[in-house]
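Just so it is clear, the values below take in all heavy atoms, side chains as well, and ignore hydrogens, waters and symmetry mates.
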Amino acid sequence: MTTLEEVSQQLPQRLSERVSQSVFDDSRLRVVLLLDLYDGAQQQFLETYEHLRNHVASVPGHVSEQLCQSIENPSQWLITSEWESAPPFLAWVNSEEHVQMVKPLHNCVRDTRSLRFHVLRETGGSASASEGAKGRLQPSPRIGDGVIRHALTFTVKPGSEQAVARLLADYAAPEPRVDDTTRLCRTSLFMHGNRVVRAIEVRGDLLAALRHVARQPEVEAVEKAINPHLEQDRDLSDPESARVFFTRAALPAVHHVTTGGPVPADAQRHALCYPARQGCGMELARLLARHGDAMAGDAQSPVRNSTIFQRDDVVVRLIDVQGDIDDHPALALGLKAPGQAAELMSLLDGDALGEDGAVPQNGDVARLLTLVGMDLITDRRSPDV
């Protein structure tokens, strides 16, 4: 007979297998930034880096940082930093202040790649590492499915929504194969008012996949056609303008949970856009993640997958639902029961959400689901996925 103690020991492992991605376990974060500098740009890079280093040292949640130069290729550099947890780092790296501060680096750097890891195990050989560490270790490894989830979001000028929707719905899907190790699995595009969200799923190298998509003639034509409708001007022929635009448009995945097992073929994909009150985006995403973890072990749940994307006060939840979404409004919203809606509603921006500037009250989850539901523009999956 299985004892209660044995059950309690099994639950964290089962949960870790269901939650394949999360920034909300308060584990220490290690950030690795690989840089390839232009020839002769080392001194300019160092001067710019010194300014950035002195500033980031005062950012809440920052623990330490190292700058390294390759012993084999002097043009290759490495910046590693440690943070108490992922949320303060994401708040910093996604801020407009950070976008502006790193602009001078673009004149020095040919290519970059950013990697982010929770600290799972640690060898105590370094006194400074053990004595100066803040935050906890990730309690257990997560079992992933080999898929990287990412999203982009931007807004279009009010009144142009229908024209933009037609443009985004009509383009030809790009070739899913990027190279021998990377391929596009699925692209889902939604709109909520004048906000566009494009979610992609990739196996392999996310950056390679994004570059592959951007180079496709069909995609280039659509992007050029929607340029006049964008609230934020961009010139994709100008590398600096394109870089800044897509930096601001990035909507990182902060949590992914599954009920386990394959997603049924008849499951429908939906997206929900939760406009948070100013400064409450991370708190709202954390709340949705906590409720999602509670349903992770329920193999009978109609919500088979849930991915939460968050940047500033924009929170989007992408779900695969078996059956009619309107039959399960609380679960679709990320709640186990309607009675949990009050906390969620307290974090929403009524002016951005309700037609009358008021968030639905008294646990009216059906009404809330209608307000946050996004319109599906296109959902394309690779044939062999």
For this session: Step by step, work out the side-chain contact (heavy atoms from CB on, under 4.5 Å) result for Gln66 and Ile79.
Result: CA-CA 6 Å; Gln66 288 182 322; Ile79 299 175; over 6 Å; no
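- His98 places a side-chain N or O within donor-acceptor distance of the main-chain N or O of Val93, the cut-off being under 3.5 Å.
- A donor-acceptor contact shorter than 3.5 Å is absent between the side chain of Arg186 and the backbone of Arg380.
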Exercise. Would Arg136 and Glu84 count as a salt bridge (charged side-chain N to carboxylate O under 4.0 Å, His left out) if you check the C-alpha gap in whole Å, the side-chain angles of each, and the deciding distance to 0.1 Å?
Worked result: CA-CA 8 Å; Arg136 67 174 191 168; Glu84 293 178 10; over 6 Å; no
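- Between the side chain of Asp313 and the backbone N or O of Gly279, at least one donor-acceptor pair lies under 3.5 Å.
- Glu201 and Arg269 are joined by a salt bridge, as a carboxylate oxygen and a charged side-chain nitrogen come within less than 4.0 angstrom of each other.
- Side chains of Gln44 and Tyr49: no donor on one and acceptor on the other come within 3.5 Å.
- Rounding to the nearest 0.5 Å places CG of Asn305 at 4.0 Å from OG1 of Thr258.
- Put simply, Leu206 and Leu318 are part of two different groups of oily side chains (I, L, V, M, F, W, Y) that touch within less than 4.5 Å, one to the next.
- Between Asp26 and Arg286 there is a salt bridge, with a side-chain nitrogen of the basic residue lying less than 4.0 Å from a carboxylate oxygen of the acidic one.
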For this session: Test side-chain contact (heavy atoms from CB on, under 4.5 Å) on Leu189 and Val197 and set out the steps.
Result: CA-CA 6 Å; Leu189 201 146; Val197 172; over 6 Å; no
All N/O donor-acceptor pairs, side-chain side in residues 224-232, below 3.5 Å, sequence neighbours left out:
unit_1 : atom_1 : unit_2 : atom_2 : d
Asn227 : OD1    : Arg234 : NE     : 2.6
Asn227 : OD1    : Arg234 : NH2    : 3.3
Glu231 : OE1    : Thr155 : OG1    : 2.7

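- Between Asp233 and Lys157, no side-chain nitrogen of the basic residue sits less than 4.0 Å from a carboxylate oxygen of the acidic one, so the salt-bridge criterion is not met.
- Note that OG1 of Thr182 and CZ of Arg203 are 11.5 Å apart. Values are rounded to the nearest 0.5 Å.
- Between Arg28 and Glu82, at least one side-chain N (NZ, or NE/NH1/NH2) sits under 4.0 Å from a carboxylate O, which counts as a salt bridge.
- Note on Leu288: it clusters hydrophobically with Met345, by side-chain heavy-atom contacts below 4.5 Å among ILVMFWY residues.
- Salt bridge annotation for Asp349-Arg277: absent, with no cationic side-chain nitrogen under 4.0 angstrom from a carboxylate oxygen.
- Looking only at atom types and distance, the side chain of Thr153 has a donor-acceptor partner in the side chain of Arg195 under 3.5 Å away.
- Here the CG atom belonging to Leu348 is positioned 9.5 Å from the SG atom belonging to Cys280, to the nearest 0.5 angstrom.
- Atom CZ of Arg116 and atom CG of Leu33 lie 9.0 Å apart (nearest 0.5 Å).
- Rounded to the nearest 0.5 angstrom, Glu122 CD and Leu137 CG are separated by 5.5 Å.
- Considering CZ of Arg53 and OG of Ser81, their distance stands at 13.0 Å, rounded to 0.5 Å.
- Without hydrogens or angle criteria, Gln100 side chain to Val102 main chain gives no donor-acceptor distance under 3.5 Å.
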List the atom pairs, donor and acceptor, that lie under 3.5 Å between side-chain atoms in residues 248-256 and the rest of the protein, sequence neighbours left out.
unit_1 : atom_1 : unit_2 : atom_2 : d
Arg248 : NE     : Glu96  : OE1    : 3.0
Arg248 : NE     : Glu96  : OE2    : 3.4
Arg248 : NH2    : Glu96  : OE2    : 2.6
His255 : ND1    : Ser22  : OG     : 2.8
His255 : NE2    : Asp293 : OD1    : 2.8
His256 : ND1    : Ser306 : O      : 3.4
His256 : ND1    : Thr307 : OG1    : 2.7

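- Taking the six-membered ring for Trp, Trp83 and His118 have ring centres at least 6.0 Å apart.
- A salt bridge links Glu223 with Arg198; the closest basic N to acidic carboxylate O contact falls under 4.0 Å.
- The closest donor-acceptor contact from the side chain of Gln216 to the backbone of Glu218 lies at 3.5 Å or more, if one exists at all.
- Within 6.0 Å of atom NE2 in His55, more than 12 heavy atoms from other residues, nucleotides or ligands are found, so the atom counts as buried in its surroundings.
- Grouping the Ile, Leu, Val, Met, Phe, Trp and Tyr side chains by contacts below 4.5 angstrom, directly or via other members, places Val314 apart from Ile319.
- Here the side chain of Glu161 pairs a donor or acceptor atom with the backbone of Gly159 at under 3.5 angstrom.
- Contacts of Glu220 classified as side chain to side chain donor-acceptor pair (under 3.5 Å), with partners at least two apart in sequence or in another chain: none.
- At distances below 3.5 Å, at least one donor-acceptor pair connects side-chain atoms of Gln69 with backbone N or O atoms of Pro74.
- Using bins of under 30°, 30° to 60° and over 60° for the plane-to-plane angle, the ring pair Phe245/Phe154 lands in the tilted bin.
- Shortest non-hydrogen contact noted between Ala289 and Ile308 is N-CD1, 3.5 Å.
- Across every non-hydrogen atom of Pro87 and Phe24, the tightest pair is CG-CD2, 4.3 Å.
- Salt-bridge formation is not detected for the pair Asp320/Arg304: no Lys NZ or Arg NE/NH1/NH2 atom is positioned less than 4.0 Å from an Asp or Glu carboxylate oxygen.
- With hydrogens and angles disregarded, no donor-acceptor distance shorter than 3.5 Å links the side chain of Ser160 to the backbone of Val156.
- Leu67 has its side chain within reach of Trp77: a pair of non-hydrogen atoms, C-beta onward, lies under 4.5 Å apart.
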